[in-house]
Protein chains: 2
Amino acid sequence: MQYQEAKDKFISTWGSLGSLWGINKAMAQIQALLFISTKPLSMEDIMHDLKISRGNTSMNLRQLMDWGIVTKVLVSGERKEFFTTEKDVQELARIVAKERSRREIKPVIKVLDEVSSIENDGTEKTKELIKQTKALKELSDDLDTLMNKLVNQKQNWLTKSVFKLIK
Amino acid sequence: MQYQEAKDKFISTWGSLGSLWGINKAMAQIQALLFISTKPLSMEDIMHDLKISRGNTSMNLRQLMDWGIVTKVLVSGERKEFFTTEKDVQELARIVAKERSRREIKPVIKVLDEVSSIENDGTEKTKELIKQTKALKELSDDLDTLMNKLVNQKQNWLTKSVFKLIK
DNA sequence: TTAAACTTTCAGTAATTATTGAAAGTTAAA
DNA sequence: TTTAACTTTCAATAATTACTGAAAGTTTAA
């Protein structure tokens, strides 16, 4: 396998993975492209490389910046804007975990909390609803806390401490 | 908030969460409905409660069974089939984690492995591709292993051991 | 067997989501 | 200022994904 083939394979795999995670294809592909690029890329570079439109590129770059995964960089002597992504995988994981917690997990926990707090009228079905949503809420809380803890351990959090403790 | 409102809220929240996780809305809603039901439900029950077609119900029940989250139960004296879902949240989490690992994470790791194993021709861009995909592969491997370890600890794996160790 | 009760399949259609491209907006060099 | 270089926005459209309902398939009671 040669460079170009490997690059295409990486970008397309990363792209389709993205859609499974609530990130759209173009967004994931732009991130992948920047991730393996040796230097910041302009919007022009990106749209040509991925064969997507200017509008699409602009919108998805913006979303990546909202996520905090991509940043603008100024290249001296150049009028146009260049973009780069976080290159450290651990830091990347940290950002993604934090954002997913904020955008998805926290709101669900809130709803579970509301639902499990309804008045118990003593009927079977109400008891079951309360019991099950409460259990789900507690699990979600624990997982969210664990994820945030893991992710806040700076440097090698995975391979060091945690990882070994579990055996 | 009364029972019916709480139930609807739970089902619709769970449904929209599902789509963020690569599970479609109907599939997640069926699971939610079964999860808070006090007894197994028939296809008829489900389609009426969620207001979805017979075909849709059938297809999504099948997928839930493929995931191992829902099972058929025989109700004596009844001709039709009834369905129930795993009621224990920990066990549910275990199944979901295992399936996601198998369906999504493992295949990506395989591609990352292939891509990071291309011949190093010494160019900058090849070196960068190899370095970055290798880092990604290692992180994915670690996360996958961690997830599977966590998930195989029977009984209260979260709140017990792991959770406290990390502080 | 047969036929009623039930489930699955799948072509057609609806709903949702992503993408384009051109016009409007912004910036900074001349 | 003006204007050329560049970016953003957004209505129209394309692509994808989910859903329906009726026909075909299966099972079991009589």
Side-chain angles (χ1 to χ4, degrees), chain A residues 11-34 40-67 70-85 103-104, chain B residues 11-34 40-67 70-85 103-104:
Chain A
I11 290 173
S12 85
T13 304
W14 210 239
S16 51
L17 182 77
S19 66
L20 278 170
W21 283 76
I23 286 172
N24 84 354
K25 200 179 66 175
M27 190 172 157
Q29 289 187 342
I30 293 171
Q31 199 278 325
L33 177 63
L34 292 172
L41 301 179
S42 68
M43 214 159 85
E44 207 81 6
D45 294 334
I46 296 169
M47 46 184 284
H48 285 134
D49 206 319
L50 300 179
K51 293 173 185 62
I52 59 179
S53 72
R54 193 174 291 284
N56 199 4
T57 309
S58 171
M59 276 157 58
N60 286 105
L61 274 172
R62 140 103 83 142
Q63 281 206 73
L64 284 163
M65 289 187 285
D66 288 348
W67 271 71
V70 162
T71 45
K72 279 187 188 166
V73 295
L74 291 167
V75 172
S76 57
E78 287 274 12
R79 173 78 173 275
K80 59 179 161 239
E81 297 173 325
F82 287 77
F83 302 88
T84 195
T85 188
R103 294 169 191 244
E104 296 154 37
Chain B
I11 290 174
S12 86
T13 304
W14 211 238
S16 52
L17 183 76
S19 65
L20 278 170
W21 285 77
I23 285 171
N24 84 355
K25 199 179 67 176
M27 190 173 156
Q29 290 186 343
I30 293 171
Q31 199 277 326
L33 177 63
L34 292 173
L41 301 178
S42 69
M43 213 160 84
E44 208 80 6
D45 294 334
I46 297 170
M47 48 184 283
H48 285 137
D49 207 318
L50 300 179
K51 292 172 185 62
I52 59 179
S53 72
R54 193 174 290 283
N56 198 6
T57 308
S58 170
M59 277 157 54
N60 285 105
L61 275 172
R62 141 105 81 143
Q63 280 205 76
L64 283 164
M65 288 187 285
D66 288 348
W67 271 70
V70 162
T71 45
K72 279 186 190 167
V73 294
L74 291 166
V75 172
S76 56
E78 286 274 13
R79 175 77 173 273
K80 56 179 164 238
E81 298 172 324
F82 287 78
F83 302 89
T84 195
T85 188
R103 293 168 190 244
E104 296 155 36

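Every heavy atom of this structure was used, including side-chain atoms; hydrogens, water molecules and symmetry mates were not. We name chains A, B, ... by the order of the sequence lines, and we start the count at 1 in each one.
Heavy atoms only, all atoms of each residue included: B:Asn60 and B:Asn56 are closest at OD1-OD1, 2.7 Å. Scanning both residues, A:Thr84 and A:Leu34, for their nearest heavy atoms gives C-CD1, 4.2 Å. Pairing each heavy atom of B:Asp66 with each of B:Arg103, the nearest pair is O-NH2, 3.8 Å. Taking every heavy atom of both residues into account, B:Lys80 and B:Ser42 meet most closely at CD-CB, 3.7 Å.
At the heavy-atom level, A:Asn56 lies under 4.0 Å from base atoms of the strands shown. Across all strands shown, A:Glu81 has heavy atoms under 4.0 Å from sugar-phosphate atoms exclusively, and none from any base.
Remark on DNA chain D: of its neighbouring residues B:Gly55 and A:Lys80, the 5'-side contact belongs to A:Lys80, judged by nearest-heavy-atom nucleotide. If you find the closest nucleotide of DNA chain D to A:Phe83 and to A:Lys25, the one lying nearer the 5' end belongs to A:Phe83. DNA chain C is contacted by both A:Arg79 and B:Met65; B:Met65 maps to the nucleotide lying nearer its 5′ end (nearest heavy atom per residue).
For D:dT9, the OP1/OP2 oxygens have no side-chain nitrogen or oxygen of A:Arg54 closer than 4.0 Å.
Between B:Leu61 and B:Met43 there is a side-chain heavy-atom pair separated by less than 4.5 Å. Using a 4.5 Å cut-off on side-chain heavy atoms (C-beta onward), A:Trp14 and A:Gln29 make no contact.
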Atom pairs under 3.5 Å: protein N/O with N/O of nucleotides 11-15 of chain D:
none

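Here D:dT27 presents its P atom at 15 Å from CE of B:Met43, a figure rounded to the nearest Å. Atom P of nucleotide D:dC6 and atom CD of A:Glu78 are separated by 8 Å, given to the nearest angstrom. Atom CD1 of B:Ile46 and atom P of D:dT20 are 14 Å apart (whole Å). Protein atom NE2 of A:His48 is 13 Å distant from nucleotide atom P of D:dC6, rounded to whole Å. Taking atom CZ of B:Arg62 as the reference point, atom C1' of D:dT26 lies 14 Å away to the nearest angstrom.
A 4.0 Å heavy-atom criterion places the boundary nucleotides of DNA chain C facing chain B at C:dA4 to C:dC10, written 5' to 3'.
Here A:His48 contributes atom NE2 and A:Lys51 contributes atom NZ; the two are 9.5 Å apart, rounded to the nearest 0.5 Å. Between the CG atom in B:Asp45 and the CZ atom in B:Phe82 there is a gap of 6.5 Å [rounded to 0.5 Å]. Remark: B:Phe83 CZ to B:Thr57 OG1 distance equals 9.5 Å, nearest 0.5 Å.
Looking at the side chain of B:Ser53, the nearest of the listed nucleotides D:dT28, D:dT9, D:dC19 is D:dC19.
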